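The block underneath contains the structure these notes are about, expressed in structure tokens.
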Number of protein chains: 2
Amino acid sequence: MTAHGPYSCGLDAALDIVGGKWKSLILWALAEKPTLRFGELRREVAGITEKMLIQQLRQMEADGLIHREVYREVPPRVEYSVTDFGRSLTDALMPLGDWGERHMKRIANREARL
Amino acid sequence: MTAHGPYSCGLDAALDIVGGKWKSLILWALAEKPTLRFGELRREVAGITEKMLIQQLRQMEADGLIHREVYREVPPRVEYSVTDFGRSLTDALMPLGDWGERHMKRIANREARL
DNA sequence: CTGTATCCCTTAAGATACTG
DNA sequence: CAGTATCTTAAGGGATACAG
């Protein structure tokens with residue numbers, strides 16, 4: 001996350017919100033189900049550490065993309081869900097996700113960089 | 001650019017190709033005109049250094065997103081243009097760009113992170 | 001279960017000077 | 001004009017241990 005704005009174009013702004021290694025994956029996982037708990041999310045988003053997960057979740061919550069609901073029980077339960085704003089972003093992300101899906105093989109097979 | 005694949009989803013793959021601070025901006029500038037020279041590109045993409053520009057251009061060329069045409073003249077002339085593959089990506093990027101455009105104010109005005 | 005707190009490493013990115 | 005070559009800094013990310 002760089003210093004915010006001014007942005008050269010909408011894409012610039014969008015990538016400032018959803019850029020980085022994890023946010024789009026988290027949003028994707030969250031968009032498929034009504035709610036997900038912290039532990040479920042950790043399993044859904046393969047390879048993420050607890051530190052990165054909570055860090056990204058907090059930023060996405062601050063950005064209004066997701067909602068965090070705390071249930072004061074023992075053991076504690078916290079559920080995350082996508083907001084309307086977040087949903088509008090996942091909708092805008094769809095074509096790009098489809099494109100990536102279609103060309104995934106080509107993308108994965110390009111030569112490694114030095 | 002991280003190690004390539006396997007990706008968890010199409011979005012992951014797409015962001016591997018167009019992620020980072022500059023690629024989408026370069027692609028955007030390039031998509032609007034038939035061709036752009038190195039120097040023109042440097043002026044279009046505000047704030048980019050020559051090092052970053054050439055580095056990103058080389059990667060995008062290797063990825064098949066853009067084409068590099070060299071004219072052996074004095075002074076030297078090099079023209080960059082978007083390939084069909086690159087065009088398919090900019091098309092997929094449109095909705096996200098529009099979304100960013102619509103919400104740019106909100107995105108720019110969120111609190112700075114520590 | 002849901003997080004915090006550190007420490008460390010790699011990579012992305014910026015500055016500057018120079019070359020065919 | 002169109003790049004290269006270094007050096008340096010900033011940010012992102014990962015490992016691990018611990019706490020409410």
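Note that the structure is predicted; figures quoted are calculated from it, not measured. Naming: A, B, ... by sequence-line order, numbering from 1 per chain.
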For A/Trp28, which residues count as a ring pair (Phe, Tyr, Trp, His ring centres under 6.0 Å) partner, sequence neighbours excluded? none

Hey, are the side chains of A/Arg110 and B/Asp16 touching, using non-hydrogen atoms and a 4.5 Å cut-off? yes

May I ask you to list the residues of residues 25-35 of chain A, by number, that have any heavy atom positioned under 4.0 Å from an atom of DNA chain D? none

Nearest-angstrom distance from the residue atom CD of B/Gln55 to P of C/dT11: 13 Å

Pick out the pairs of N or O atoms, protein on one side and nucleotides 2-7 of chain C on the other, that lie under 3.5 Å.
from, atom 1, to, atom 2, distance (Å)
C/dT2, OP1, A/Arg37, NE, 3.0
C/dT2, OP1, A/Arg37, NH2, 3.1
C/dT2, OP2, A/Gly39, N, 2.9
C/dG3, OP1, A/Arg58, NH2, 3.3
C/dG3, OP1, A/Arg68, NE, 3.4
C/dG3, OP1, A/Arg68, NH2, 2.5
C/dG3, OP2, A/Tyr80, OH, 2.9
C/dG3, N7, A/Glu50, OE1, 3.3
C/dG3, O6, A/Glu50, OE1, 2.8
C/dT4, OP1, A/Arg58, NH1, 2.7
C/dT4, OP2, A/Arg58, NH1, 3.4

Please identify each residue that fulfils side chain to side chain donor-acceptor pair (under 3.5 Å) with A/Glu50, with sequence neighbours left out. A/Arg42

Atom-to-atom span, CG of A/Leu15 to P of D/dA11 - whole angstrom: 18 Å

Need the bend value for the helix from C/dC1-D/dG20 to C/dG20-D/dC1: angle between end axes, 5 pairs each end, nearest 10°. 50°

Tell me, please, which residues at least two apart from B/Glu44 pass side chain to side chain contact (heavy atoms under 4.5 Å, CB included). B/Ala29, B/Lys33, B/Leu36

In whole angstroms, the gap separating C1' of D/dA2 from CZ of B/Arg43 amounts to 12 Å

Send over the distance from A/Asp16 CG to D/dA11 P, rounded to a whole Å. 13 Å

Rounded to whole Å, please give me the gap between CZ in A/Arg72 and P in C/dC1. 18 Å

Rounded to whole angstrom units, what separation is found between the CG atom of B/Leu53 and the C1' atom of C/dA12? 16 Å

Salt bridge (Lys or Arg N to Asp or Glu O under 4.0 Å) pairs, two or more places apart, involving residues 80-100 of chain B: none

With sequence neighbours left out, write down each residue that passes ring pair (Phe, Tyr, Trp, His ring centres under 6.0 Å) with B/Trp99, or none if nothing qualifies. A/Phe85, B/His103

May I have the distance from B/Leu36 (atom CG) to D/dG3 (atom P), rounded to whole angstrom? 13 Å

Residues at least two apart in sequence or cross-chain that pass salt bridge (charged side-chain N to carboxylate O under 4.0 Å, His left out) with B/Glu73, listed by chain then number, are B/Arg77

Qualifying residues under side chain to side chain donor-acceptor pair (under 3.5 Å), relative to A/Arg102, sequence neighbours excluded: none

State which residues pass side chain to side chain contact (heavy atoms under 4.5 Å, CB included) with A/Met104; sequence neighbours excluded, sorted by chain then number. A/Glu101, B/Tyr7, B/Ala13

Going by an N to O cut-off under 4.0 Å, is there a salt bridge joining A/Lys23 and A/Asp63? no

Residue set satisfying side chain to side chain contact (heavy atoms under 4.5 Å, CB included) with A/Val78, at least two apart, ordered chain then number -> A/Arg68, A/Val70, A/Tyr80

Whole-Å distance separating the CD atom of B/Glu73 from the P atom of D/dC1: 13 Å

